[in-house]
Each structure stands twice: as structure tokens, then as C-alpha cells.
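Residue numbers start from 1 in every chain, and the chains themselves are labelled A, B, ... in the order their sequence lines are given, proteins ahead of strands. Atoms considered below: every heavy atom in the structure, side chains included; atoms not considered: hydrogens, waters and symmetry mates.
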Amino acid sequence: MSGADTRHPGLNLGQTDAGGHDAAEEVVFGFWVFLMSDMVLFAILFATYATMSTHGQAGGPAPLDLVDLGSALAETLLLLGSSFTFGMASLALKYREGRTRLVAWLALTFVLGAVFVGWEVHDVHVWITQDDAPPQRSGFLSAHYLLTATHGLHVAAGLLWMAVIAVQIGWFGLIREVKLRLMRLALFWHMLDIVWIGIFTFVFLYGAVR
Amino acid sequence: MLGALDWQAIVFVRAWRDPSASELIGAAAGGLAVTGALAAVVLLSVFRLWRPLWSGWLTSLDHKKIGIMYIVLSLVMLLRAVIEAALMRLHQLVAVGQGGPLSPEHFAQLFSTHGTIMIFFMAMPLLTGIINYVMPLQIGARDVSFPLLNAISLALTAAGAALVMVSLVIGRFSTGGWSGYATYTELAYSMGEGVDYWIWAVTLSSLGSTLSGLNFAVTIYKKRCPGMTLFRMPLFCWTTLCTSILMIFAMAPLTAATVMLALDRYAGFHFFTNDAGGNMMNYANLFWLFGHPEVYILILPAFGVYSEVFATFSGKTLYGYRALVFATMCIAVLSFTVWLHHFFTMGQSANINAVFGIATMTIGIPTGVKVYEWLMTMVRGRIRLTTPMLFAVTFLVTFVLGGLTGILLANPTIDFSVHNSLFLVAHFHNMLIPGLLFGMIAAVQVWFPKAFGFRLHEGWGVAGFVCWVAGFYLAFMPLYALGLMGAMRRTSQWARPEYGPWLAVALLGAVLVLGGVFCLAMQLFVSIRRRKELAVPVGDPWDGRTLEWACPAPPPEWNFTVIPKVASGDAFTVMKREGRAYEMPDDIEDIEMPANSAVAPVICVASVATGFAVTWHIWWLAVLGLAAGWGAVIARSFVLDTKRRIPAATLRASHAAWLDRLRRTVPVSRAGETDPRNDGLAEHGA
Ligand code: HEM
Ligand SMILES: [Cu+2]
């Protein structure tokens, strides 16, 4: 097996770890399929949001009332930044730049992700206490919280996953299993970026101009 | 401490306090469930089977054993759901012009559990089990892509089924039907635990099915043996692939719908409520966005089974293989474009109804293509009318009949007058019983000898066939008439005496169906007793055409001594023709198979605990269950040694023993197929 060809979309280990490259084909493909089904879930939440945000306000707050573009921009930068740092971690993995480099980039990603989640929690706090917009208020708000919270929960799950992998890097070193897990976590993390861009555009930007 | 749970919830206590017929029947059902569980425990203990059960089955990651466990689960649930159906029929007959033995709530629980079980805990596990067993063998693989995930899917499905069983004893089940429309299942209209049982049972099952679909699709894409291009796969693998893709895409809307309903009920959200901007139509759309693809998830695998049956038992290559593949894919894609036909009457404009009506009718085209191709497969074949073929031929006629009534219902103007009537109930049973159940029974008849090394008794098979088919026609043809006379579904009392005779015939049919279940049980019992005489150790009792017949029966854990190489469709037929079917491979190597793992049983127990806890608002247990389940997954990720090595010597010895057995076996012609002489070696060119 040559190892040079591409086995799956995304980061391929072909040039530096032929065995890992071959082993990645099946698991990473499987993970792409999983991401696809997760995307279907988000698509449904977006569709629900689309109908509820127009027809389900019930005289309560409208999308505009929840928009704080500054806050949304900060969250976007945090999450996109964390995707960049994860990208750097992936390159460190691929080009064997050493464990310290890799763990440092991962730690940075973790911090950015954690601040993002914290920021979202803060958003929710503001919406509920200052805007008087809890999810029980209207169908629109129910859809709004479900969409954003599902994304937030995904990010939180990604953080937990990252922590577990960090422990495993310490425990086992950069063995093949750990590498493959990192590759999958990277895909997961980038997918959450894409979903967030959807939320940013559809919930916040569109909410602001509507 | 125990949330909303109290003594009153136990069915026996309720029957003690209020010994009405309805409560007593409930207590009897609960008693049966408890007795059944206790009997299983006692038998396992007496025969000291706990350890073999644990290490041989529950912790096994072998796709074949997981498949068999799925099938066992589905047969147990089938028994319960058919008994419930017969009980409903009895009640409705007695209820003409008077109350009937069951309270309306009890009757509503019966159709809700019957429908939920039949779809999620009978049909889905049955087809998932058959796929699990057969598909990896057919593509020449040693296992599915993700064996542990496979076991976890089973664990989640079994946990959902367990919740439905628990509701027989503790508390009540939902009365909102299998579709759980939110106009009925919102907290304001259905207080209590029933709907919550339904929500968590269905959610667990849909998670399990999503993961199964993923696993099967990846297996088919990545694990086919060398030379097995997609267009050389047996048709069953194609229908499996389409079903899997549907599972990946279509289960998510259901999960979303049940989670939203749960948020409404538990946290006061307003997704589907009547007030505060909630919208029930979102529920209907989400549910049927799942629900219609679901019927194709159910039916496509049976199409695959029938394709194999027609080819094998006509002794011919499948006619129009490529067209069948394309028809299957067309059906899978179209199945996402028709969901609205389930609620033509719920307020869209006539134009929208027309679009969805036409889309629905177009599905008839690829389906028609398939029917003709199965017919053409039989033309000039040497047909053997054994049990699977009997089911297949009956399917052709019966399914077309059901399809025709479906075309009627696809016309919105007609649907308006028969919507939600017994006409509809007749229609969908007319699709699902031939298009799913008969197919799966045929599959069991065909592949049982592969799995256990002996054939099923033919006489009891035919008796079962007669009961099922006669029972089906008697039970459901009257419902078409009743529906046209105006009888609505889910109705527990009738005022019109003229329904009586039709309902009596339908009851007779349901009893015959029960007889069919009995025959299946007897077939199993008799076959086990006569297993020596029915044995087919060589592994090819039906002159099979595909790779699963190219290994002994039962197959070794590793399926194939060396991974086969193929150069055409009908791979095994070609191997036999060229005299390459039974050789000693010279390139046997050590292999690795997945080692046992206790993760799946832990997840099963944790899921039951969580589901039960959330249903009864026992929050500490819910947290504990979730922590245990996810903890098991994380802990497992620290285990690196997940494989077991099997040395080449073991493989060689096992293969040699098989070839040795083969040399002592006399081949049989197809005329002797059901004869004790059939030891699983097909005569050359016969
Ligand atoms: C084997 C014989 C069967 C009998 C005698 C039977 C009988 C019945 C009866 C009496 C009802 C209630 C009709 C009503 O609403 O008034 C019903 C509903 C239903 N059955 Fe069956 N059934 C059988 C098999 C199946 C199978 C194999 C499936 C699916 C795989 C199935 C799926 C359903 C569903 C989904 C409902 C609707 C439940 C609801 O209203 O929510 N049944 N059946
Ligand atoms: Cu449909």
C-alpha cells in the first residue's frame, strides 16, 4: 500500500504514517457518515426555527430582540479561532512536530471552546433575566433555544472528548488509535463551525435585519 | 426518592383495588410478562446457562450472534403484539352495540403498544437482525465495520423494548397511538407516565436504528471482498444499502420530534402546544418525514429477500438485476417526497395535496418494475414451491392488492372520505404483512439452516404459511368493507349492528394468525428435536448462488477461512460451476477478530434505568444511568487490546474438517431438497 493517495476528504496521514493512513479509511469514512446524520438533525432544527421564528412569536419577543451582534461576533471569532488552532494541531499531528506542540495547540483550542460555551451560557442568562425571554415564553423561543443549545451541547461534548484524548496522549503517547481519534474529533469540531456559521447568519444577522 | 412512582402504579395493585374486566386483563398480561421473565431466569439458573449466555452471546461482538439476538427479541415482541391484536379484535366484536370488556383507555393502550411494538420492536429488530446475519456473509466480509457499535445498537433497541415491557407491569403505556400526535400527547391532554414511556422507548430505538444504518452502509462501502464491485453484490445487499441510507437520514426527524415533545412535556416549551405559538403541524410534518421513509426501511429488505428467494428457488439468475437496483434506489429517493399523504385532510391547499398525491402515485412505477422482474425471474425456471417460495409468490399477489388500495388513497379526493377509517388500517397491514413480515419469515426459512446447521421442518412451515395467509386475508379484507361502511380506526365501541359479521370474520382471521405464530413455534421445536435428520453441515442446502453458502453451516466465527475473491455476480454459483467451491486455500494467515466486550450490556442496563427514571421523574437515577452509559464508552476508549488473534493452524484445521465432512456427503438433486438426504451439498448442475 503506497500511502500517498487520498483515503478520505480532509487530513490524510499518507506521507508520514502509512499504516495509520490505511487504518483511517474505514473509521474516518464512518465518522463522515455520522456527521451527515448529525447535519440532518441540525437541518431539522433550522427548519423548525424558520417556521417558529415567523409564526410562533405569540406576541412575545421577536428575533431582533435577542440579537446582540457584538456578542455574536465575539462568539464567532472564538469558535472560528478554535477551528484554526485545531487545524494547527492537526498539522502538528501530521508532520510529527512533537507532542508538546500538539498538546499546546489542543490546549489553546480547548480554552477557546470553553470560553465560547461560557459566553453562550452568559447569553442565555441575559436573554432570560434582562430580555424576559425564557424558552417557555413562545414557540419561537423554544425553537431558538433548542437550536443554539444543541450546538452548544455539541461543543461541550467536543470539549469532554478533547479532554479524554489529552489524557490518552499522556497515557499512551501518539499511538495510532489516539491519532485516529484526534482526526475524527477534528472533523467534528470543524462541522460545529459550519453549523455555527449557519446560526450566526440565520439567527443573528438575519434576525437583526428582519 | 422514587419520583412519581407509587404502589398504585403496579398493575396488580390496581386490579386488586378495582377488579373490573379491563384491569384484570391488564393484570393477567402483567402476570404473563413477569412469569415469562421469571421462567427465563429459573431456566437459565437450572441449566447453568448464565455464563455461556454472558460470554457466548451478550458480550459477543460477532455480527452473526448479534443478528440472532435481534431476531429473538423481535419474535418475543411479535408474540405480544399479535396477542394484543387478537384481543382488540375480540373486544371490538363484543363491543358492537355495547361497552365491550376493555375500558376505552385500555383499548387505546392496546393499539398504541401494538403499533409501536410492531414497527419499532418487531419489524425493525427483525430486519436488522437478518441484515446483520446475512449481509456481511454475502459481501465476503468477516464482520461489520464497527462490531462494538453494532452491539450498542442492539443494546439501545433492546432497552427500548424493555421499557415497553415494563409498562405492562408498572404504570400505563401511552394512549396516543404509534404516531403519538401532539394534539393528544401534549401534557395538557395526556398527563401521567404513558406518553413518556412511549417517548423514551421510541427515542432509544431510533438512536439504535441510526447507528445500525451507519454501520451497514459503511460495511457495504468499505468491506466488500476483492472483486465484489457494487454491481456484483447480491440484491439483498443493495436493498440493505438503500435501507441503511434511509435510516441515516430518516431517523433524525423522529428523534427531533420526540425530543421536542419531551421538552414540551417536561420543561414547558411550546413546540406543539395549542397556545403560545406552538404548532402541531410541525409535529405531523416531522413525524411523517420520518414515517414515510420508515415504511420503505421496513419493506426494502423484504424486497431483497424475495429477490434472493425467486432466483434461488427458480434456479435462475435474477432477471433484470440492474433495473431492480435502480428501481430500489428510485423508491428510496422518492420515499422522501411523499410524506404529506399521511395528512391530506389537515389543511393544506388543494394544489399541495395534488403534488404530493402525484408524487405518491409515481412510487408505483419502480415498484411495478420490480414485480415484473420477479415474475420474469420465475419464467422458465425450475421452481420449487417450498415454504419461502410459497411466501414469496403469495407476496406478489397480496402486495399488488395492497399497492392498488394505496394508489386509491394517494388520490386526495378519495382519501378525504376514507382517511383514518379501517380502510386505511386494511391498506397498511396489506402492505406490511406481505411486504415485511412474510419476507422476514421467508428469510428465516432460507437462512436458518445456515445459522444453526439444520433445516426447518417443511410440514410445519407449510402449515404456518397456510395459517398466516388465510389469517391475513380473513383478518383484513373485511376491514376494507368496514372502512367503506364508515367504521373509523382506533374505535373501541360501535353503535351499528351491521359491523358485527365483518368483525367476526376479522376475529377469526386474527385467531388464525395466532395459529401461524404457533406453527412457527412448533416448527422450531420439531426442527430442534429432529436436528440430526435435518442437518446440513456442508452448508449449501438450497443450491445457493451467493457467498453466504460458500462456508459451513453454522459458519465459523470468522466466516471465511480466507477472504474470497469474486469476478462476477452470483459468485458461488460460478465457483460451483467452475469446480472451485470447495478447495483448500493455500494462503491461510493468522487473523484478528473482535474480542468480547461488556460495554453493550452495560449500556443496555444504563439505558433502561435512564428511560425508566425519566419516565417516572426519578432524577438521581437518570443522572446515574447516563453517567454509567457514557462512562462505559469512555472507559472502553482506554482499552487498546480489543482484538483476539486466531492462528492460521486453527483456521486450517477447521477448514480441513469441513472439507472432510464434505467428502463423506452425497450431493442431492433439487428434488430431494426437503428430504433427510439433503446434507447441504447441492448436486452439480442440478
Ligand atoms: C399479524 C396480524 C395483525 C393483526 C391481527 C393486527 C391487528 C391490528 C388492529 C386490530 C389494529 C387496530 C386498528 C384500529 O385502529 O382500530 C392494528 C393497528 C396497527 N397495526 Fe396491526 N395487526 C397485525 C399485524 C401488524 C403488523 C405486522 C404491523 C407492522 C409491522 C402492524 C402495525 C400496526 C400499526 C402501526 C397500527 C396502528 C396503531 C395505531 O393506531 O396507532 N400490525 N393492528
Ligand atoms: Cu407514507
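- Interatomic distance, CG of A/Leu41 versus OG1 of B/Thr210, reported as 9.5 Å (0.5 Å rounding).
- For the atom pair CD (A/Glu26) and OG1 (B/Thr219), the distance works out to 7.0 Å, reported to the nearest 0.5 Å.
- A pairwise comparison of heavy atoms in A/Gly30 and B/Leu214 identifies O-CD2, 4.0 Å as the closest pair.
- Across all non-hydrogen atoms, the minimal contact from A/Val164 to B/Ser637 is CG1-OG, 4.0 Å.
- Interatomic distance, CG of B/Leu289 versus CD1 of A/Ile44, reported as 6.0 Å (0.5 Å rounding).
- Counting non-hydrogen atoms of neighbouring residues, nucleotides and ligands closer than 6.0 angstrom, the NZ atom of B/Lys222 exceeds 12 such neighbours.
- Around atom CD of B/Glu589, no more than 12 heavy atoms belonging to other residues, nucleotides or ligands sit under 6.0 Å away.
- In terms of the ring pair (Phe, Tyr, Trp, His ring centres under 6.0 Å) criterion, A/Phe110 has no residue partners (sequence neighbours excluded).
- Between atom CE of residue B/Met260 and atom OG1 of residue A/Thr48 there is a gap of 3.5 Å, rounded to the nearest 0.5 Å.
- Chain A is approached within less than 4.5 Å, heavy atom to heavy atom, by B/Ser145, B/Phe146 from residues 140-157 of chain B, ordered by number.
- Of the atoms belonging to A/Arg181, it is side-chain heavy atoms, and not backbone ones, that fall under 4.5 Å from chain B.
- Using a 4.5 Å cut-off between heavy atoms, A/Leu141 makes no contact with chain B at all.
- Contacts between A/Phe140 and chain B at a heavy-atom distance below 4.5 Å are absent for every atom of the residue.
- Residue A/Trp171 touches chain B through its side chain alone, counting heavy-atom pairs closer than 4.5 Å.
- With a 4.5 Å cut-off on side-chain heavy atoms, A/Leu146 and B/Phe271 count as touching.
- Atom OG of A/Ser142 is separated from atom CG of B/Asn279 by 12.0 Å, given to the nearest 0.5 angstrom.
- Sparse packing is recorded around OH of B/Tyr221, with 12 or fewer heavy atoms of other residues, nucleotides or ligands lying under 6.0 Å away.
- Of the atoms belonging to A/Met36, it is side-chain heavy atoms, and not backbone ones, that fall under 4.5 Å from chain B.
- Listed options A/His55, A/Arg137, A/Glu25 were ranked by heavy-atom pairs under 4.5 angstrom with chain B; first place goes to A/Glu25.
- Neither the backbone nor the side chain of A/Val178 comes within less than 4.5 Å of any heavy atom in chain B.
- Under the 4.5 Å side-chain criterion, counting only non-hydrogen atoms from C-beta, A/Leu160 is in contact with B/Ile634.
- The minimum heavy-atom distance linking B/Ala252 with A/Ser37 is given by the pair CB-O, 4.3 Å.
- Minimum heavy-atom separation, A/Ala58 to B/Gly277: CB-N, 3.6 Å.
- In this structure, chain A has a heavy atom under 4.5 Å from the side chain of B/Leu263, while its backbone stays farther away.
- Between A/Phe172 and B/Phe638, the two ring planes are tilted [angle within 30° to 60°].
- Among B/Trp630, B/Phe269, B/Phe272, the residue making the largest number of heavy-atom pairs under 4.5 Å with chain A is B/Phe269.
- With a 4.5 Å cut-off on non-hydrogen atoms, A/Leu45 touches chain B through its side chain but not through its backbone.
- Closest approach of B/His270 and A/Gln136 over heavy atoms only: CD2-O, 2.9 Å.
- With a 4.5 angstrom heavy-atom cutoff, A/Thr51 touches chain B only via side-chain atoms.
- Applying the 6.0 Å contact sphere to CZ of B/Arg636 captures more than 12 heavy atoms from other residues, nucleotides or ligands.
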